[in-house]
Structure formats: structure tokens, C-alpha cells
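Just the heavy atoms: all of them, side chains too, but no hydrogens, waters or symmetry mates, feed the values below. Residue numbers count from 1 along this sequence.
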Amino acid sequence: MNPSPLLPGPEARLRARTERDGWGTVVRGGGEIDPDTADEPEAVLVRAPSGGDDGAPLVLDPSEVSCGPTGLDALLRPRPLARRRRTPFAVSAASAQVVLLLGLTRTGGLLGFPVPPARPPGRDP
């Protein structure tokens, strides 16, 4: 694992750890994605060990990330680059806040992330 802050100095609000294994690269993120840090997830994924250049899967794990709509946009932004490189790209796990945003916007499928479907009206658990 290679822990690295995405922003320099002790005020870093966003961080990433990169893991490379036999099937691809996993980038685990933590911290807050806001307008000041929104460009960082894409930059980290581009610099990931495979960089997606070898066609190996590139997986983002934002299970320790908090964000709003700006953060969701930042998570979706690497998709076109991955598509151009013919690199499978997905989100493997997510914080409750990210899962909520993916569900509300119905964008989980774009990231290969299974968001539970909304329950039909009148069907309480």
C-alpha cells in the first residue's frame, strides 16, 4: 500500500492509498471531496500504478469519503478516460453518504456499483 495525501501539508483534507494486485489497481480514498479538492480523485486515478494503460481494472474505493454533488461529479469524471483507455473502471465500496448520492441520482450503475433499488410504495420492511 502506498498512502499519500492528495494535498500537501498537514491541512490535507483528501487522501489516497493505492494497492496493486494481480488483477488491477485499487485506489482507496478518504477525507472530503469539495470544490477545492474536486480535481484530485481524477488526478490520482490517472497516476495510479497501472494508470489504466495496461487495460487492468482500475477500482475506486471511496468508503471513507464524504462529499456532496461536487464529490459525486468528481467520482464520475474518470469514466471517459477509462473508456478511452479501454480500462474497466468501477467503485467497489462507498461511504453511506456516497451510496445515498449514487442512489438518489441513479448513477451507481455508471460506476459498476450496486445501489439497492428503491422499495415499491406501500411496501415497508
Please report the C-alpha distance between Val27 and Asp61 in whole Å, then the side-chain angles of each, then the deciding distance to 0.1 Å, and finally whether the side-chain contact (heavy atoms from CB on, under 4.5 Å) criterion is met. CA-CA 6 Å; Val27 177; Asp61 174 351; over 6 Å; no

side-chain contact (heavy atoms from CB on, under 4.5 Å) evaluation trace for Leu60 with Phe89: CA-CA 8 Å; Leu60 179 60; Phe89 174 69; 4.2 Å; yes

Under the side-chain contact (heavy atoms from CB on, under 4.5 Å) rule, what do Val98 and Phe113 come out as? Steps first, then yes or no, please. CA-CA 11 Å; Val98 172; Phe113 188 79; over 6 Å; no

Can you list the steps and then say if Leu111 with Leu102 is a side-chain contact (heavy atoms from CB on, under 4.5 Å)? CA-CA 9 Å; Leu111 297 172; Leu102 291 172; 3.8 Å; yes

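Applying the side-chain contact (heavy atoms from CB on, under 4.5 Å) rule to Ala90 yields no partners; only residues at least two apart in sequence or on another chain are considered. Every residue two or more places apart in sequence or in another chain that forms a side-chain contact (heavy atoms from CB on, under 4.5 Å) with Pro88 is listed here: Pro57. Shown here are the side-chain hydrogen bond (donor to acceptor under 3.5 Å, both in side chains) partners of Ser92, two or more places apart in sequence or in another chain: there are none. Under the rule for a salt bridge (charged side-chain N to carboxylate O under 4.0 Å, His left out), the partners of Glu64 that lie at least two apart in sequence or sit in another chain are Arg15.
The minimum heavy-atom distance between Cys67 and Leu72, with the atom names listed, is SG-N, 4.0 Å. Between Gly68 and Leu101, the shortest heavy-atom contact is O-CD1, 3.5 Å. Ala38 approaches Ala74 most closely through the heavy-atom pair O-CB, 3.2 Å. Taking all atoms of both residues into account, the shortest heavy-atom contact from Pro62 to Ala93 is CD-O, 2.8 Å.
A side chain to side chain donor-acceptor pair (under 3.5 Å) check over residues 96-106, counting only residues at least two apart or in different chains, returns the pairs Thr105-Thr107. Among pairs with a residue in residues 66-80, those fulfilling side chain to side chain donor-acceptor pair (under 3.5 Å) read Asp39-Arg77, Asp73-Arg77, at least two apart in sequence or across chains.
To the nearest 0.5 Å, atoms CG (Leu14) and OG1 (Thr37) are separated by 5.0 Å.
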